[in-house]
Number of protein chains: 2
Amino acid sequence: MGYSKSDKAETHTRIVSVAAKRFRELGLEGIGVADVMKEAGVTVGGFYKHFDSRDELVVEALATAFQDLDRWEEHTDTLTKALEKYLSEEHRDAPGTGCALGALLGDMSRASRSAKAVYTARLKRTLAYSTGLVPPNGTSDRRARAILTISAMLGAINLSRGVSDPNLSREILQQTRDQLISLNRPAKVHLPGDASRAGARYGS
Amino acid sequence: MGYSKSDKAETHTRIVSVAAKRFRELGLEGIGVADVMKEAGVTVGGFYKHFDSRDELVVEALATAFQDLDRWEEHTDTLTKALEKYLSEEHRDAPGTGCALGALLGDMSRASRSAKAVYTARLKRTLAYSTGLVPPNGTSDRRARAILTISAMLGAINLSRGVSDPNLSREILQQTRDQLISLNRPAKVHLPGDASRAGARYGS
DNA sequence: ATTATCTATAGATCTATAGATAATGC
DNA sequence: ATTATCTATAGATCTATAGATAATGC
């Protein structure tokens with residue numbers, strides 16, 4: 001059991017990592033500081049040497065959870081790939097390591113001002129990134145389609161986790177995924193010489 | 001202050017009505033039985049003469065909240081009307097009297113088995129109803145488009161309530177609404193003699 | 001001497017229950 | 001006599017703090 005400054009930093013990281021996982025699984029009010037500390041291998045008494053308040057842990061845990069989203073976005077360079085991974089049963093069944101925008105969607109309307117600010121900033125980043133993945137189609141704005149796509153992704157992953165009927169849960173994932181993929185297929189370009197750009201990355 | 005059997009029934013209704021409103025506003029764990037009882041004009045001690053457990057109140061309150069959805073569905077006979085009302089700032093700002101499928105979406109993954117069952121049954125009803133409002137378009141299944149539409153509606157209303165930036169909140173509502181309306185526009189029918197059916201109600 | 005963590009606990013919840021009170025209804 | 005509601009409280013949380021203990025680091 002360490003007591004050095006570097007040990008404290010490691011303990012801090014461990015506490016925040018546990019919280020980032022458990023908050024996504026159980027909600028921002030779903031686990032107390034004592035249980036988070038215990039799972040991080042320490043006791044509750046040290047908590048306020050690491051954080052001024054419980055909400056400070058929430059904010060740090062949110063930021064850490066969003067780092068998983070960074071890695072996710074780095075590895076999915078097309079919208080179709082992102083949709084297939086996001087709206088999968090694997091993601092549905094692993095909220096603790098999945099997208100925090102999805103896992104904590106319903107918690108944000110009742111969260112602290114500071115937690116909301118972190119969530120909102122991250123949503124803006126992901127919206128900008130997604131707008132870059134949406135192909136132009138001549139019919140509607142790319143940002144508008146990115147907003148629809150994100151709304152549907154977040155709604156569907158939450159529904160799939162909330163309903164008690166496994167068949168309905170799967171159907172929601174599959175159909176939302178298929179609809180969004182076909183909706184975000186690049187428009188067939190009829191101008192001669194303009195080759196199909198399906199699967200390409202679209203500049204901003 | 002009444003003590004008769006019919007008074008008890010009225011008290012019971014009042015308790016459930018308060019809960020149906022407050023649970024939508026604050027989440028299923030956001031208010032305790034004592035505060036619900038107080039707001040219904042009675043004291044906490046009588047609670048377990050009305051309900052076997054707190055979860056029984058949750059289940060009854062859910063059923064009552066869904067009655068608001070019944071009335072809603074009765075008064076919106078086209079998908080466009082439903083979308084304009086659902087994805088409005090008025091609905092966003094009044095979760096307590098609004099759609100419980102939206103207000104409690106994020107709570108369901110952590111709710112009791114019985115609460116989930118009530119929610120799931122209601123979602124199925126609304127999905128069947130919405131499938132009837134979605135126009136055929138020859139491209140994709142109507143039920144599939146109803147699933148996409150509901151996912152996006154629930155995702156967008158939750159996002160609009162959760163983000164701290166009012167402009168982003170409005171944009172999410174507007175763009176999701178506009179995208180879903182244009183997506184669910186009846187296909188222009190090119191066969192001669194087949195008149196436009198825009199705005200009509202579509203049979204199952 | 002400082003500090004990272006520990007044990008212990010105060011004070012504020014929250015669900016659920018016990019027993020008293022004041023009505024109803026036979 | 002029965003019962004709808006009341007006051008009061010047990011027991012289980014949960015956040016936050018106080019003070020002790022056992023390391024680190026000058």
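Residue numbers begin at 1 in each chain, while the letters A, B, ... track the order of the sequences.
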**Q.** Per B:Thr43 side chain, nearest of listed nucleotides D:dC6, D:dA16, C:dC6
**A.** D:dC6
Q) Can you check the B:Asp7 CG to D:dT2 C1' distance for me, whole Å? A) 16 Å
Q | Gap between atom CZ of B:Arg122 and atom CG of B:Leu101 - 0.5 Å precision | A | 7.0 Å
Q: Measure the distance from CE on B:Met37 to C1' on D:dT5 and round it to the nearest whole Å.
A: 8 Å
Q: Tell me what A:Gly45 touches on the nucleic acid: a base, only sugar-phosphate, or nothing, going by heavy atoms under 4.0 Å.
A: base
Q.
Using only atom types and a distance under 3.5 Å, with no angle test, would you say the side chain of A:Arg24 pairs donor to acceptor with the backbone of A:Ala20?
A. yes
Q | B:Arg54 CZ - C:dT15 P separation (whole Å) | A | 5 Å
Q | Qualifying salt bridge (Lys or Arg N to Asp or Glu O under 4.0 Å) pairs with a residue from residues 102-111 of chain B, counting only residues at least two apart or across chains | A | A:Asp107-B:Arg110, A:Arg110-B:Asp107
Q: Rounded to the nearest angstrom, tell me the gap between atom CD1 in A:Ile15 and atom C1' in D:dT15.
A: 15 Å
Q. With a 4.5 Å limit on heavy-atom distance, are the side chains of A:Thr43 and A:Lys38 in contact?
A. no
Q: Indicate whether OP1 or OP2 belonging to C:dT5 is found under 4.0 Å from a side-chain N or O atom of A:Thr11.
A: yes
Q | Bracket string, DNA chain D, 5' to 3' - pairs by Watson-Crick or G-U geometry under 3.5 Å, | interstrand | A | ||||||||||||||||||||||||..
Q.
Can you classify the ring geometry of B:Tyr86 versus B:His91 as parallel (below 30°), tilted (30 to 60°) or perpendicular (above 60°)?
A. perpendicular
**Q.** Rounded distance [0.5 Å steps], CG in B:Leu83 versus CG in B:Leu173
**A.** 11.5 Å
Q: Could you tell me the separation between the CG atom of A:Asp68 and the NZ atom of A:Lys21, rounded to the nearest 0.5 Å?
A: 11.0 Å
Q.
I want to check one thing: is the phosphate of C:dT5, taken as OP1 and OP2, less than 4.0 Å away from some side-chain N or O of A:His50?
A. yes
Q | Between P of D:dC14 and NZ of A:Lys38, the distance in whole Å | A | 11 Å
(Q) Using whole Å, what does the distance between atom P of nucleotide D:dC14 and atom CD of B:Glu29 come to? (A) 12 Å
Q: Starting at atom NZ of B:Lys49, determine the distance to atom C1' of C:dT21, rounded to an integer number of angstrom.
A: 13 Å
Q) Between A:Gly32 and B:Arg14, who's closer to the 5' end of DNA chain D by nearest nucleotide? A) B:Arg14
Q) Does D:dT17 have OP1 or OP2 sitting under 4.0 Å from an N or O in the side chain of A:Tyr48? A) no
Q) Side-chain N or O of A:Ser53 less than 4.0 angstrom from OP1 or OP2 on D:dT15? A) no
**Q.** Atom pair distance, as rounded to whole Å: CZ in B:Phe51 and C1' in C:dT17
**A.** 17 Å
(Q) Check the phosphate of C:dA4 against A:Lys8, side-chain N and O only, distance under 4.0 Å to OP1 or OP2. Yes or no? (A) yes
